[in-house]
Amino acid sequence: MTIRLTNTKTRRKEVFEPINRDRVQIYVCGPTVYDRAHIGNARPVVVFDTLFRLMRHVYGADSVVYARNFTDVDDKINARAAETGRPIRDITDETIRWYHEDMDALGALRPTHEPRATEYIGAMITMIEGLIESGHAYAAAGHVLFRVRSYQDYGALSGRSVDDMIAGARVEVAPYKEDPMDFVLWKPSDEGVPGWDSPWGYGRPGWHIECSAMSYELLGESFDIHGGGLDLQFPHHENEIAQSCCAHPHGSFARVWMHNEMLQVEGKKMSKSLGNFFTVRDLLEQGYPGEVIRMVYLGTHYGKPMDWTHEKAVQAEGTLRKIALFLNEDMLTKPMVDWRYARPTDDVVEALSNDLNTSLALTYIHKYLKERNELALVGSLTLLGLNPEIIREKFLSFSFGIADNGFAKKTSLSSWGSSEVNLQRIEELGIRLDTLRLSAMETKDFSKVDAMKTALLAAGVEVRMSKAGVELMPGPGFDASKLEALD
RNA sequence: GGCGGGUUGGCGGAGAGGUUACGCAGCGGAUUGCAAAUCCGUGAAGACCGGUUCGAUUCCGGUACCCGCCUCCA
């Protein structure tokens, strides 16, 4: 299987050829841990999780190393600590825990390594020392700065020239800088701000150096793929390249750079002032299941801006429900298959291999559902990070009916946006409605049946009647309290 | 001001230089006490202007509009 990926560095789609097939290495910039991840933060998580899954499928699960860092030293964290009076470590530990909870809900696998910046301060200092020795950095006024002019290819990734950027005149000019574009590798810390002893005094690292140091420590001077959001392309990734390539001139650093486009909400940039700012937790609490969120994300290619809309979530939810309905069919209507034999199809693997065409992959999901090809469906869903077992349980919502053989069909669970469903209550109602209906068939007087149906609909319960019996399904607007009126 | 991306049917969203994307919604039919669900069928597109070509929605150029980054938000 040939994997092709769009390499930001060359602006082309290229055939992916790992440095070492037994150890494919990916590094992705992770979050600064001072608050809940918003839904924009989640996009690279889902995108690169999908890449991780594809690589594991193609090269073997043990042959892929995926590192994603936690930035746990940052002025935003310091500010949060100052506001709340809480210790920094409390804040970062808690935020990391939240991050894991929220990203787990989106079906993202934990990366192989999740290094915290504060655990690599020594490696950063070593790297900075090397850069000073080789003339790529200089100490000034308690700071250490990277000498941008010393790296000829600076700006190559983002397609900018140093001179153009200075002409744009938006750079911070500090008196201790040789050149306005030079950026901070190390800066002094005052009392009460986290800091470490260093050759340049008590201080803390600049933002960019951590990724260079951690990727070197975990993956070496050359690795396969570096990913992140497009907004990181400049300056963060540009600076990473400058640091790493100057510190390790014999390595290639990342061979492929991948950037996901930004996320919008209802057609607009997500921002607190517009009131369209959501964390992943917000969505989960509003009742959008993680699987729905993931499916919406997979619907748009990572290289294009993605719009988060409620409408898309509703559609994704509908698809997941259909899948759940199919997976829950019993042996009377569907041959039994052993999911252990489920594999993603070549079509799906090929779609993902073509620069992560998740949208195309989803069309195959629809196809397998339509064809009732359970093994292809289950295997392909799994590769996409949509767990069939969870879908089967979570999206069935509720279904009650009388099977052809006269036995009551099962079962269970809550649906999005609705409170826990009282199964017994629904079942009773289903039986009562079924009884009423059977007698109405005799008398041809359906008034009582219709009245009950209307009441159920008003409570947000879908009512389906067929030859086989009655099915009740609490939908998104389910309101248990309205069922009381039925007594 | 500099750099980059986008513009596809009612909506969402792909691939491919010439043949049906797909999903949702719509419409027609089957089924149904009614309805829902389901199944079958079906219409509908490629911002604008030029160029290359036997042929472009797909390649190239220009115009318009939208968006992002350049301000340690992915």
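- Picking from B:A74, B:G13, B:C22 the nucleotide with the shortest atom distance to the side chain of A:Met270 gives B:A74.
- In this structure A:Lys187 satisfies the salt bridge (Lys or Arg N to Asp or Glu O under 4.0 Å) test together with A:Asp75, sequence neighbours excluded.
- Judged as a side-chain hydrogen bond (donor to acceptor under 3.5 Å, both in side chains), and not counting sequence neighbours, the contacts of A:Glu178 are A:Arg147.
- For A:Glu83, the salt bridge (Lys or Arg N to Asp or Glu O under 4.0 Å) partners at least two apart in sequence or on another chain are A:Arg80.
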Could you pull out the protein-nucleic contacts involving nucleotides 4-10 of chain B (nitrogen or oxygen on both sides, under 3.5 Å)?
from, atom 1, to, atom 2, distance (Å)
B:U7, OP1, A:Lys304, NZ, 3.4

Return a single string for nucleotides 23-40 of chain B, one symbol per nucleotide in 5' to 3' order, where B is base contact, S is sugar-phosphate-only contact and - is none, cutoff 4.0 angstrom on heavy atoms.
BS--------BBBBSS--
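- Under the rule for a salt bridge (Lys or Arg N to Asp or Glu O under 4.0 Å), A:Lys322 has no partner lying at least two apart in sequence or in another chain.
- Residues passing the side-chain contact (heavy atoms from CB on, under 4.5 Å) test with A:Ala376, sequence neighbours excluded: A:Thr345, A:Tyr368, A:Asn373.
- For the segment residues 40-54 of chain A, residues with any heavy atom less than 4.0 angstrom from an atom of RNA chain B are, sorted by number, A:Gly40, A:Asn41.
- Within the structure, salt bridge (charged side-chain N to carboxylate O under 4.0 Å, His left out) pairs that include any residue of residues 41-52 of chain A comprise A:Asp49-A:Arg53, A:Asp49-A:Arg294 (at least two apart or interchain).
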Under the rule of Watson-Crick or G-U wobble with both distances under 3.5 Å, where | means paired to another strand and [ ] a crossing pair, RNA chain B maps to (((((((..(((.....[...))).(((((.......)))))....(((((..]....))))))))))))....
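- Pairs engaging residues 256-276 of chain A under the ring-ring contact (aromatic ring centres under 6.0 Å, His included) rule: A:His226-A:Trp257, A:His237-A:Trp257, A:His237-A:His259, A:Phe253-A:Trp257 [sequence neighbours left out].
- Following rounding to the nearest Å, A:Asn69 (CG) and B:A74 (P) show an atom-to-atom distance of 11 Å.
- Within the structure, every pair that satisfies the salt bridge (charged side-chain N to carboxylate O under 4.0 Å, His left out) test and touches residues 348-372 of chain A, not counting sequence neighbours, is listed here: A:Glu329-A:Arg372, A:Lys367-A:Glu371.
- One can find a donor-acceptor pair under 3.5 Å joining the base of B:A74 and the side-chain atoms of A:His38.
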